[in-house]
Amino acid sequence: MPRLVRDRLTWVMYVQLALWVYFLYGFGPVAPLLRDELHISRTLAGLHGTAFAVGGIVGGLVLPALTRRLGRNRLIWAGLSCVCGAALGMYAAHHIALTLTFTTLASLGAAMAVNAINAALTDHHGTAAPAAISEANAVAAAVGLVAPLVVGATYAAGWGWRLGLVIVVLPVALTAVYARAKAVRPPEPAGFGQPHAGHRPLPGAFWLALTSLFATGSVEICLTLWGSDVLRDRVHVSAGVATAAVSALIAGMVLGRLAGGRLLLAFRPTRVLLGALAVTLAGFAVFWSVTVPWLAVAGLCVCGVGMGLHYPLGVGLALAHSDGQPDLAAARASFAVGIAFGVAPFALGALADRAGPHQAFLLVPLFVAVSALAIVRLDRSWHREPGRAGAALEAGPGPLSGGSDGPQVKRTRAT
């Protein structure tokens with residue numbers, strides 16, 4: 001059974017991921033607030049999801065070359081610097097052109113930091129990498145759980161939601177000082193310092209995992225960006241309460257990710273993901289159908305339990321089928337997440353302007369079905385052609401770095 005060693009580097013990467021997630025989940029539920037403040041339609045407010053997409057897609061284009069040239073360590077800190085710059089810029093932004101610009105900057109920074117962190121965790125932990133990625137996202141979701149509460153509280157107090165986002169700058173600076181003082185650096189990828197090195201085509205199984213990642217990313221961004229709007233429109237709670245209630249979704253994600261680390265030691269990741277999709281669908285059915293506030297919030301929480309495993313398992317499966325190219329796979333994953341962040345909330349916002357947010361949210365079970373179909377096909381492909389990554393994952397959480405010419409796993413002891 002794989003053993004997860006949580007050394008100093010592991011904890012620093014957990015914190016780095018968590019700081020981005022704080023911004024993401026803090027900004028997610030403010031779309032209705034921005035709509036009210038800027039006097040724009042739901043369709044225009046949904047463009048903030050498109051701005052997230054642009055940042056992710058640009059990241060997917062430039063990250064392979066940037067990783068080879070800069071290395072993971074500098075890429076992570078450059079990405080978090082972009083997130084801090086976006087938070088500070090958003091504080092003074094009172095026009096949609098500016099809010100869209102800073103949203104794009106934050107998304108680009110996230111693509112740089114998150115993809116480097118996922119690839120570094122993969123190389124650093126080897127066979128325990130799926131558990132490490134799941135746990136990293138659990139820690140991040142736990143921190144993200146606080147974000148809507150802080151944003152909702154600052155808004156309700158009359159200080160504005162922007163102050164809740166700017167808070168992220170201080171812990172980023174403190175973490176950077178600590179990492180530098182303790183000389184904590186992630187393992188660098190194969191090809192680091194060789195900006196013109198090539199790469200092999202990614203296999204077909206990778207693209208199935210990527211399809212699932214697109215669909216589950218669509219579910220997550222729809223619920224985090226517009227879930228509070230449904231609560232306001234159908235359950236008739238106040239704007240501040242609806243914003244803070246998104247924390248129930250994130251609380252469920254924390255629980256799901258904590259449980260996921262254990263489940264991955266006993267079950268194949270594809271089966272765990274299919275179970276998570278079923279839980280998400282059950283929670284959504286409650287959230288969508290009831291008009292009692294506490295039941296709607298409970299449904300959101302159940303959604304979160306399933307949804308919490310979508311991203312870490314989707315990324316883990318993509319890296320597992322990368323043919324020993326985790327950094328390239330992580331960069332390509334930015335396309336899937338970026339497109340999801342762009343297409344899904346914009347489509348949902350456009351439908352909501354015509355049919356109302358409640359009816360528009362029927363897009364969510366459609367995305368769940370797309371993900372489930374892709375994962376079923378991926379699961380069956382392992383029986384037909386159980387490649388190295390597939391065979392390893394069938395036996396349990398296997399090395400996500402894949403082939404023999406991929407990066408070597410560095411074993412470290414806890415410090």
Chemist: Strictly distance-based, threshold 3.5 Å: is any side-chain N or O of S107 a donor or acceptor partner for the main-chain N or O of T103?
Modeler: no

Chemist: In Å, rounded to the nearest 0.5 Å, how long is the span from CD1 of I117 to CD1 of I133?
Modeler: 11.0 Å

Chemist: To the closest 0.5 Å, what do you measure between CG (L174) and CG (L19)?
Modeler: 9.5 Å

Chemist: Taking C-beta and beyond as the side chain, do F287 and L231 meet within less than 4.5 Å on heavy atoms?
Modeler: yes

Chemist: Mind listing the closest non-hydrogen atom pair of L348 and A360 along with its distance?
Modeler: O-CB, 3.6 Å

Chemist: Between V143 and A18, which heavy-atom pair has the shortest distance, and what is it?
Modeler: CG2-CB, 3.7 Å

Chemist: Drop me the distance from L362's CG to L366's CG, to the nearest 0.5 angstrom.
Modeler: 9.5 Å

Chemist: Using a strict cut-off of less than 4.0 Å between a Lys/Arg side-chain nitrogen and an Asp/Glu carboxylate oxygen, indicate whether R72 and D327 qualify as a salt bridge.
Modeler: yes

Chemist: Is the shortest heavy-atom distance from the side chain of P326 to the side chain of D123 under 4.5 Å?
Modeler: yes

Chemist: What are the two closest heavy atoms between V302 and G283, and how far apart are they?
Modeler: CG1-CA, 3.6 Å

Chemist: Test your reading of the model: is there a side-chain donor-acceptor pair from T104 to the backbone of G55, 3.5 Å cut-off?
Modeler: no

Chemist: Quick one: does I167's side chain get under 4.5 Å of V150's, heavy atoms only?
Modeler: yes

Chemist: Any idea how F214 and F367 line up, ring-wise: parallel (<30°), tilted (30 to 60°), or perpendicular (>60°)?
Modeler: perpendicular

Chemist: Take H310 and L277, measure what side chain to side chain contact (heavy atoms under 4.5 Å, CB included) needs, and give me the verdict at the end.
Modeler: CA-CA 8 Å; H310 294 176; L277 290 168; 3.6 Å; yes

Chemist: Check for a donor-acceptor pair, side chain of S371 on one end and backbone N or O of V368 on the other, with a separation under 3.5 Å.
Modeler: no

Chemist: Evaluate the side-chain proximity of L17 to N137: yes if any heavy-atom separation is below 4.5 Å, no if none is.
Modeler: yes

Chemist: Determine whether a donor-acceptor pair (N or O, by modelled atom type, separation under 3.5 Å) exists between the side chain of N115 and the backbone of A330.
Modeler: yes

Chemist: How long is the straight-line distance from CD1 of I40 back to CD1 of I96, given to the nearest 0.5 Å?
Modeler: 4.0 Å

Chemist: Are any non-hydrogen side-chain atoms of P187 and L9 less than 4.5 angstrom apart?
Modeler: yes

Chemist: Dump the intermediate steps for side chain to side chain contact (heavy atoms under 4.5 Å, CB included) on Y25 and V146, then the final yes or no.
Modeler: CA-CA 9 Å; Y25 289 150; V146 179; over 6 Å; no

Chemist: Looking at side-chain heavy atoms only, is the closest gap between R35 and H48 below 4.5 Å?
Modeler: no

Chemist: Would you say the side chain of L351 lies within less than 4.5 Å of the side chain of Q359, judging by non-hydrogen atoms?
Modeler: no

Chemist: Partners of W11 by ring pair (Phe, Tyr, Trp, His ring centres under 6.0 Å), sequence neighbours excluded?
Modeler: Y14

Chemist: Classify the ring geometry between W20 and F52 as parallel (under 30°), tilted (30 to 60°) or perpendicular (over 60°).
Modeler: perpendicular

Chemist: For A350, is there any backbone N or O sitting under 3.5 Å from a side-chain donor or acceptor partner on R354?
Modeler: yes

Chemist: Atom CG of L317 and atom OG1 of T270: how far apart are they, to the nearest 0.5 Å?
Modeler: 7.0 Å

Chemist: Please report the shortest heavy-atom distance between T154 and G164, naming the atom on each side.
Modeler: OG1-N, 3.9 Å

Chemist: Going by distance alone, is a donor N or O of one side chain under 3.5 Å from an acceptor N or O of the other, for T10 and D7?
Modeler: yes

Chemist: Can you check whether H358's main-chain N or O pairs, donor with acceptor, with W288's side chain at less than 3.5 Å?
Modeler: yes

Chemist: State which residue, out of T280, V272, T216, fulfils the side chain to side chain contact (heavy atoms under 4.5 Å, CB included) condition with L309.
Modeler: V272

Chemist: Checking the side chain of R162 only, and the main-chain atoms of A93 only, is there a donor and an acceptor separated by less than 3.5 Å?
Modeler: yes

Chemist: May I ask you to test the L273-S212 pair for a side-chain heavy-atom distance under 4.5 Å?
Modeler: yes

